[in-house]
Amino acid sequence: MTRFTNILRRSVLAGGIAALGLALAPAAFADELDGLKERGVMKIAMTGQYPPFNFVNDKNEVVGFDPSIGTEIAKRMGLETEIVTTAWDGIIGGLLANKFDAVVGSMSITAEREKVIDFVGPYYNTKRAFFTKAGSEFKTEEQLKDAVVGVTLGETHDEWARAQGYNVKTYKGLPELLLELTNGRIDVVINDSIPVLLAMKAGQYDLAEIPAPDAEKFPAGIAIRKGNPELKAAMQKALDEMMEDGTYMALANEWVGGDIR
């Protein structure tokens with residue numbers, strides 16, 4: 001697929017999402033908080049392919065930092081939680097189509113996304129990072145133009161890497177990315193720093209981080225549909241209280257080994 005075709009495909013997708021958002025706008029005039037309280041359940045979405053933030057364990061349960069944060073927020077609002085897993089490249093479209101109530105899936109807050117959705121948070125911060133196999137010939141950011149670069153389809157790193165003119169391959173999630181890197185099918189992975197560094201620390205992969213002192217930093221937020229100030233305020237209040245009373249740190253220590261605010 002040519003770079004022009006990729007750009008055209010993304011433009012059509014972005015236009016479709018924006019149009020969908022406009023089409024759904026009248027329904028958003030009524031704040032959704034009352035409806036959630038009446039139903040008693042908040043549906044939260046994530047990929048289930050982004051350990052340790054969200055992943056499927058050996059009991060076929062979606063666990064990790066993201067579902068723990070989302071579940072605690074819902075609990076403080078008097079709600080149960082239903083976790084929905086979906087592909088990342090369609091997750092904003094699914095939110096706008098009312099398939100779930102919020103995305104608690106390590107979504108970076110960007111100006112482009114804020115045109116069509118609102119964010120609660122941020123609930124943690126990370127940065128763009130570059131990883132390769134230990135001993136690889138790729139040791140500097142300048143060498144990436146000669147590398148086969150792997151990213152998760154639809155992430156901010158996907159668009160950024162294409163804009164740099166890199167040779168990009170896309171995958172469904174981080175486990176697949178790291179497997180392809182280990183097997184030599186790609187040379188470099190571009191991803192948020194924290195989950196890869198944690199996997200390296202745990203001894204799961206023999207990787208090296210390519211130095212990038214000027215790499216872009218990203219706050220991660222919880223995505224909800226626009227036009228819901230009461231829902232946004234209630235979720236933010238729950239998150240703020242978690243951060244103040246020690247619950248946030250307990251979850252952060254459990255899943256990521258420290259404070260990532």
Side-chain angles (χ1 to χ4, degrees), residues 31-34 36-37 39-85 91 95 100-110 113-114 117-129 174 191-204 216-225 228-261:
D31 197 289
E32 296 172 14
L33 180 58
D34 288 342
L36 281 174
K37 288 182 175 180
R39 196 166 73 233
V41 177
M42 177 183 287
K43 292 183 179 181
I44 62 174
M46 58 202 67
T47 64
Q49 299 188 58
Y50 198 59
F53 290 94
N54 61 84
F55 61 100
V56 180
N57 66 13
D58 55 8
K59 297 179 182 178
N60 205 33
E61 302 164 328
V62 182
V63 297
F65 186 63
D66 290 332
S68 296
I69 290 289
T71 298
E72 181 64 24
I73 288 175
K75 178 182 176 182
R76 290 173 184 239
M77 295 168 62
L79 303 171
E80 298 292 327
T81 306
E82 179 182 337
I83 297 174
V84 178
T85 57
I91 205 165
L95 178 64
F100 31 82
D101 305 303
V103 177
V104 193
S106 295
M107 181 176 285
S108 299
I109 300 172
T110 67
R113 286 171 175 162
E114 286 182 315
I117 56 178
D118 278 343
F119 283 99
V120 175
Y123 66 105
Y124 76 88
N125 287 276
T126 186
K127 68 173 184 175
R128 177 176 290 125
L174 185 58
N191 198 81
D192 291 355
S193 60
I194 294 172
V196 184
L197 290 172
L198 288 172
M200 291 166 62
K201 184 178 179 181
Q204 295 174 322
E216 189 174 358
K217 295 181 180 179
F218 295 102
I222 297 168
I224 62 173
R225 287 179 283 276
N228 290 288
E230 294 177 10
L231 175 60
K232 181 175 180 178
M235 293 180 72
Q236 187 67 54
K237 180 176 182 291
L239 178 60
D240 291 344
E241 290 175 349
M242 288 169 57
M243 291 188 174
E244 291 170 3
D245 67 17
T247 304
Y248 176 92
M249 272 306 306
L251 296 176
N253 284 328
E254 177 183 359
W255 292 108
V256 298
D259 196 348
I260 54 174
R261 285 175 285 188

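This is a predicted model, so every value here is computed, not measured.
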Value rounded to 0.5 Å, distance of [atom1] in [X] from [atom2] in [Y]:
X	Y	atom1	atom2	result
I222	K232	CD1	NZ	11.5 Å
R39	D34	CZ	CG	12.0 Å
R76	M242	CZ	CE	6.0 Å
R225	I117	CZ	CD1	11.0 Å
L174	F53	CG	CZ	10.0 Å
M235	L79	CE	CG	9.5 Å

Distance-minimising heavy-atom pair for [X] and [Y]:
X	Y	result
A234	L33	CB-CD2, 4.2 Å
R261	Y123	CG-O, 4.3 Å
G121	L239	CA-CD2, 3.8 Å
G221	I109	N-CG1, 3.7 Å
V62	M46	CG1-SD, 3.8 Å
T81	A74	OG1-CB, 3.4 Å

Are [X] and [Y] close enough that some pair of their side-chain heavy atoms sits under 4.5 Å apart?
X	Y	result
P195	P51	no
Y124	I194	yes
V196	M200	yes
I260	Y248	yes
L231	M42	yes
D240	K237	no
L198	W255	no
I44	F100	no

Does E80, at its CD atom, have more than 12 non-hydrogen atoms belonging to other residues, nucleotides or ligands within less than 6.0 Å?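 Check fails, neighbour count at 12 or below.
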
Could you go through the side chain to side chain contact (heavy atoms under 4.5 Å, CB included) check for N54 and F65 one step at a time? CA-CA 6 Å; N54 61 84; F65 186 63; over 6 Å; no

Quick one, E32 with I224, criterion side chain to side chain contact (heavy atoms under 4.5 Å, CB included). Give me CA distance, side-chain angles, the key distance, then yes/no. CA-CA 10 Å; E32 296 172 14; I224 62 173; over 6 Å; no

I'd like to know whether E72 forms a side chain to side chain contact (heavy atoms under 4.5 Å, CB included) with E241, so could you lay out the CA-CA distance, the side-chain angles of the two residues, the decisive distance to 0.1 Å, and finally the verdict. CA-CA 11 Å; E72 181 64 24; E241 290 175 349; over 6 Å; no

Test applied, side chain to side chain contact (heavy atoms under 4.5 Å, CB included); reference residue, I69; option that passes from T71, I73, D66: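 When side chain to side chain contact (heavy atoms under 4.5 Å, CB included) is applied between I69 and each of T71, I73, D66, only I73 qualifies.
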
Determine, step by step, whether L95 and M107 satisfy the side chain to side chain contact (heavy atoms under 4.5 Å, CB included) criterion, reporting the C-alpha distance in whole Å, the side-chain angles of both residues, the deciding distance to 0.1 Å, and the verdict. CA-CA 13 Å; L95 178 64; M107 181 176 285; over 6 Å; no

